[in-house]
Each structure stands twice: as C-alpha cells, then as structure tokens.
Amino acid sequence: MPRRAAPELLGALAAAGIDYVEEPCAGLDPAGWSALAAVGPALAVDESAIESEAFAAHLEAGAAAVVILKPCFVGGLFAARDRALAARARGLRVVVTSALEGPIGAAAAAHLALAIGVEEPCGITLRAGATAPAWLDPARASLRPPDAAGLGVEGPA
C-alpha cells in the first residue's frame, strides 16, 4: 500500500479484526515502521528482512510484532532457527512459511515450526504439482505430524 494511505488502511483492517499485516509498505525502512505500528493490526516483517543486517535492524527498531520465516530465503533451517530464537527473545511472534519447496522442504519447514514451538497454522505450501504427506494440509488448523520417522515424507526414488 502507498505510505500516505497506510494509516487509514491499517485502521480499517484493525476495525475488521485482521490479526496482522505483512510488509505494509514497499521500501519502508525499519524505523519507518514505528509510525505504522500504533495505527492498526500487528505488523509482520518478511522480505524486507531477508538479509541479516536488515533483520537485525528490524529487531532493533521494534516495530514489527511478527516475524515471517522462510527457511530457504534466510540461509536454511539453522539460520531460520537462529532468527526465530532471536525474535522470540524479544517477545515477537514467529510464523514459519515456505516458498518454492517440494514436499521434503515443506516438511523441513514444518519440522522447524514444531521444533521452535509453533503450533498455529503456518504458511507452509507446496509448489504446483508437488504431493504433500497427508498431515501437511494447509487447510488444517494446527500442525500435528505423525510419529513416523522423517515426518512421513519419502525422498525421490
């Protein structure tokens, strides 16, 4: 949304009961988020914090209440875990998502979410044509993996 329209639009979204808004304005620096943080729903940071320095700047600015993590974009599972721990240490909500992964990558993202204690629905999706294990259904209300090794996902034959 355009920066000048953001306060009004965010206010309307808050009135509609929206939980959070991801990346409210393109090109807005972390310090610029502060003015918007008090206007409407919680703000979620994602692509503007892919680089490590930008992520640190967002944590320091303290305007985002939610951190969206796509492991494949931030350096893998360990880098995403480290970011999740840093965000949680500041009291931020963490949502684990996926981007272009097949079923193994999506299962890995789900495993990360579970490892850091995220039980709410995550934005874990699959690229077109990929088949997910039955428990990884985007329409489900929670992550409940099976007891099977490897989270029920098999690699290529």
Side-chain angles (χ1 to χ4, degrees), residues 1-128 130 132 136 138-143 145 151 153:
M1 71 183 82
R3 172 65 177 99
R4 66 184 175 283
E8 182 178 346
L9 290 171
L10 288 170
L13 291 172
I18 299 298
D19 190 22
Y20 64 85
V21 174
E22 183 177 331
E23 296 289 338
C25 297
L28 189 63
D29 67 357
W33 286 51
S34 295
L36 298 179
V39 175
L43 301 181
V45 64
D46 184 358
E47 63 267 9
S48 68
I50 288 176
E51 299 298 325
S52 295
E53 297 79 18
F55 179 75
H58 272 284
L59 287 183
E60 187 62 32
V66 182
V67 173
I68 309 293
L69 289 174
K70 292 180 179 83
C72 72
F73 287 169
V74 300
L77 293 172
F78 291 115
R81 180 209 56 207
D82 292 347
R83 286 182 181 214
L85 295 175
R88 286 264 177 89
R90 292 188 179 247
L92 304 181
R93 182 173 161 195
V94 175
V95 176
V96 178
T97 67
S98 59
L100 307 171
E101 293 88 337
I104 294 172
H111 188 86
L112 172 65
L114 292 165
I116 62 172
V118 174
E119 294 180 2
E120 66 184 280
C122 296
I124 297 171
T125 58
L126 298 167
R127 59 181 166 69
L136 184 56
R140 293 179 64 166
S142 63
L143 290 171
L151 296 178
V153 177

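For R88, there are no salt bridge (charged side-chain N to carboxylate O under 4.0 Å, His left out) partners, not counting sequence neighbours. For E51, there are no salt bridge (charged side-chain N to carboxylate O under 4.0 Å, His left out) partners two or more places apart in sequence or in a different chain.
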Can you give the donor-acceptor pairs under 3.5 Å from side chains of residues 70-77 to other protein atoms, not counting sequence neighbours?
{"unit_1": "K70", "atom_1": "NZ", "unit_2": "D46", "atom_2": "OD1", "d": "3.4"}
{"unit_1": "K70", "atom_1": "NZ", "unit_2": "D46", "atom_2": "OD2", "d": "2.3"}

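No side-chain heavy atom of E60 sits less than 4.5 Å from a side-chain heavy atom of P30. Contact annotation: the side chain of E23 approaches that of V45 to within less than 4.5 Å [non-hydrogen atoms, C-beta and beyond]. The side-chain heavy atoms of I116 and V96, taken from C-beta on, include a pair separated by under 4.5 Å.
Contact between P41 and D19 at its shortest, heavy atoms only, is CB-O, 3.9 Å. Here the closest non-hydrogen pair linking H58 and S48 is NE2-OG, 3.0 Å. The heavy-atom pair separating A87 from V94 by the smallest distance is CB-CG2, 3.9 Å. Here the closest heavy-atom approach between residue L112 and residue A80 is recorded as CD2-CB, 3.5 Å. Minimum interatomic distance between A49 and A54 (heavy atoms only, all atoms of both residues): CA-CB, 3.9 Å. Closest approach of L36 to C25, counting heavy atoms only: CD1-SG, 3.9 Å.
Between the NE2 atom of H111 and the CZ atom of R81 there is a distance of 11.0 Å, given to the nearest 0.5 Å. To the nearest 0.5 Å, the span separating CG on L28 from CG on L43 amounts to 9.0 Å. To the nearest 0.5 angstrom, Y20 atom OH is 4.0 Å from I68 atom CD1.
Side-chain N or O atoms of R83 include none that pairs as donor or acceptor with a backbone N or O of L69 at under 3.5 Å.
More than 12 heavy atoms of other shown residues, nucleotides or ligands fall within 6.0 angstrom of atom CD in E47.
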